Amino acid sequence: MLKHLTIFSLLALMSSCASTDKPEDKLSGSVDSLLSLMTLEEKIGQLSLYTSDWDVTGPTMREGYKEDIRKGRVGAIFNAFTAKYTRELQQLAVEQTRLKIPLLFGYDVVHGHRTIFPIPLGQAASWDMEAIERADRIAAEEASAEGIHWTFAPMVDIARDPRWGRMAEGSGEDTYLGSQIAAARVRGFQGKGYGDVGAVLACVKHFAAYGAPQAGREYHSVDMSERMFRDVYLPPYAAAVKAGSATVMSSFNDYDGVPATASEYLLNEVLRKELKFDGFVVSDYTSVMELIPHGVAADTASAAALALTAGLDMDMQAGFYQDALPRLVKEGKIKESLIDQSVRRILRKKFELGLFKDPYRFSDTQREQSTVMKPEFLEAARDMSRKSIVLLKNEGGDKAILPLSKNVKQLAVIGPLANARRDMIGSWSAAGDWKKSVTLLEGIKAAVSPATKVSYAKGCSITGDSTQYLAEAIRLARQADVVVLAVGEGGLMTGEAASRTSLDLPGIQQRLVEEIQKTGKPVVVVLMNGRPLTITWINDHAPAILETWYLGTQAGHAIADVLFGDYNPSGKLPVTFPRVVGQVPIYYSMKNTGRPLEVNNKYTSKYIDEVNTPLYPFGYGLSYTTFSYEAPVLSSNTMTSRDTLDVSVKITNSGSKEGVEVVQLYVKDEVGSVTRPVMELKGFQKVSLKPGESKEIHFRLCNSDLSFYRKDMTFGSEPGKFRVFAGGNSRDVKQAEFELK
Ligand code: NOJ
């Protein structure tokens, strides 16, 4: 491994200039006295996590999990929820085991628990840290009232290849935005602190670099330079740890030849020593077992030994710790003190949660009833959903088709996703009841005036090649004044185990779009998807396009709010949209190369059959008003590594409606000891402006914003010229420059 002279420097990378203090340790005594009473088997039980049969989130089930609880062979259960059921299982642990150690209940509360919010990629498009934090606060309130102590979130894997279906679960391609969101989400889940009854432990995942599988294929190997890892992929995990994430989940993938679950380098060196993480690390679903097919362990015993020695505290679902550790200790191959260390980390969290005082404090039927899906939660979900929508196209200036009038006479709502209730909540929708979600058709019907006639046709299925519904859709479109056409992927076509080789609309949806377009009626295309799709044809032909991801329980209302102008869209893409899948990976913060593109020069970096530029750049999104920017003004044209530079950006609402803009600040280091990205996001602010109004937005740049892993792998800045870019997306920017002395 490369040498790192500045091992604490990564923490400084997380944008600022401030640090946080750790609370005083009062629990060691309690943890140690409990540990001294435990047998080896009881200790290993605390290191084992099994799924209940209430939800299926992986390939194996464990029939005997209740028996395991009674025998003290398991310390934590996942996929069990409701106050009643968690209480029932908790009773087995505290009434039937010798030491009465309470269970810890985990669950994938990823974008809401009962009230489902937009998928994380959608929430990221809001660029709204307060709203994101609030969404996870609500998720934690609901989940904790149902007995859950621990969520397997946030997922903060940087993802630059949309073929990988799990891009939907994260915050997209960018390190800075991803890091801000990682911290906001940990704050949201853990609220006032995880002794609070309305909070859940966060589990940042998947450590590490899980978002870069080769060819976008799920569970595939990850191989990248150490520099790329540290500059791009590591910071969001670091931000989550810095924000206090109680736990970390190791990833399925191998990284530089070593599966993360058995990587001493990742778990002990980087996570514990450098990032100073002091919680516990859980494996991913059977990932200890997967050390065998990975080919680094020959059998159960060596897999368990490798993982534990690497710093992996809790074995999710493999049962390998339970099966192998007793013998390994007896044979002297594993020291019991190593097991003690992991048990301590886990028991500490149980103490911190207050479970030894009252093991049932989270399983509270009354709180459950008064908390889940409260009207104010639904309102917050609708608001988060509106904020997540990105207006990709709305041609025609003042005569643009959007926003629609609520008095339109005949409105046809067409498409396989127009009335697709299950799809609205997307994947990883926890205990969300899809039957309670609002479809686009229902949202539209609730919004229009009584005089509007709304018709509906499915047109085709999401997948499959049957054309049987096409004719009816075309007939309705012909009769309509306006068509709203909802196309995209099914809600479960992204998420885990959902890689695709094509980014086109599945099934015959492209044909449906073309047939509807041929009717000559004004068409608003509403996209629903968990990854960028290649929609060049639609962009070339449809007058208006809305990206709506999967917006959750309130999807239909939120989309209608935007369609009819009750909400002026302000979302911005957290990920680049390619024109064709062959451009992947395509992201804004690329390197310049030694032969940057010259259109008329064959021997420059380009394709012979497609342009280099994306369809929509990172940070892109329109509004029903327009904004104009002036070039950024710097407080000085020089700075030293101890200074901060003030960047002021003047922005004006040049259109006729009030609107919200995400002002984005990017930086480029002109010359470095290693090649540097063409630009990197270093700040953003959401600003609301009335028509004609101007505001000056201020950003502060300090040394950590200019720092990176230099040629010798030390972290810091290098003197020289920098460019600063400001604008409403990563492509349309104005610039200034300064020198770092
Ligand atoms: C596997 C997934 O990779 C992980 O994200 C999830 O938390 C676990 N299964 C548990 O459901």
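Both ligands and their constituent atoms are indexed starting at 1 by order of listing. All figures in this text were calculated on a predicted structure; none of them were measured in a lab.
- Ranking the protein heavy atoms by distance from atom 11 (O) of ligand 1 puts Asp108 OD2, 2.5 Å first.
- Checking only distances, Thr57 does come within under 3.5 Å of ligand 1, N or O to N or O.
- Interface atoms of ligand 1 facing Phe252, defined by a heavy-atom separation under 4.0 Å, are 1 (C), 3 (O).
- Under 4.0 Å from ligand 1, the heavy atoms of Arg166 that appear belong solely to its side chain.
- With hydrogens and angles ignored, the 3.5 Å screen pairs a side-chain donor or acceptor of Thr86 with a backbone N or O of Ala83.
- Distances below 4.0 Å separate heavy atoms of Lys205 from the following atoms of ligand 1: 4 (C), 5 (O), 6 (C), 7 (O).
- Asp55 and Tyr107 share a donor-acceptor pair across their side chains, judged by distance under 3.5 Å alone.
- Contact annotation for Met249 and ligand 1: only side-chain heavy atoms (C-beta onward) come within less than 4.0 Å of the ligand.
- Remark: distances from the non-hydrogen atoms of His206 to ligand 1 include one below 4.0 Å.
- Taking the six-membered ring for Trp and the full ring otherwise, the centers of His111 and Phe117 sit at least 6.0 Å from each other.
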request  = With side-chain contact (heavy atoms from CB on, under 4.5 Å) as the test, would you mind laying out the steps for Leu503 and Val584 before giving the verdict?
outcome  = CA-CA 10 Å; Leu503 301 176; Val584 165; 4.1 Å; yes
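- Each of the following atoms of ligand 1 lies closer than 4.0 Å to a heavy atom of Tyr285: 1 (C), 9 (N).
- The ring-ring contact (aromatic ring centres under 6.0 Å, His included) pairs that include a residue from residues 57-80 are Phe78-Phe152, Phe78-Tyr285, where partners are two or more places apart or lie in different chains.
- Between Asp284 and ligand 1, a contact under 3.5 Å exists for at least one N or O pair.
- The side-chain contact (heavy atoms from CB on, under 4.5 Å) test with Phe377 singles out one residue from Gln554, Glu142, His113, and that residue is Glu142.
- The N/O atoms of Tyr210, backbone and side chain alike, include none that comes under 3.5 Å of an N/O atom in ligand 1.
- Results of the side-chain contact (heavy atoms from CB on, under 4.5 Å) test with Val372 over Arg114, Glu141, Arg367 single out Arg114 as the only residue that passes.
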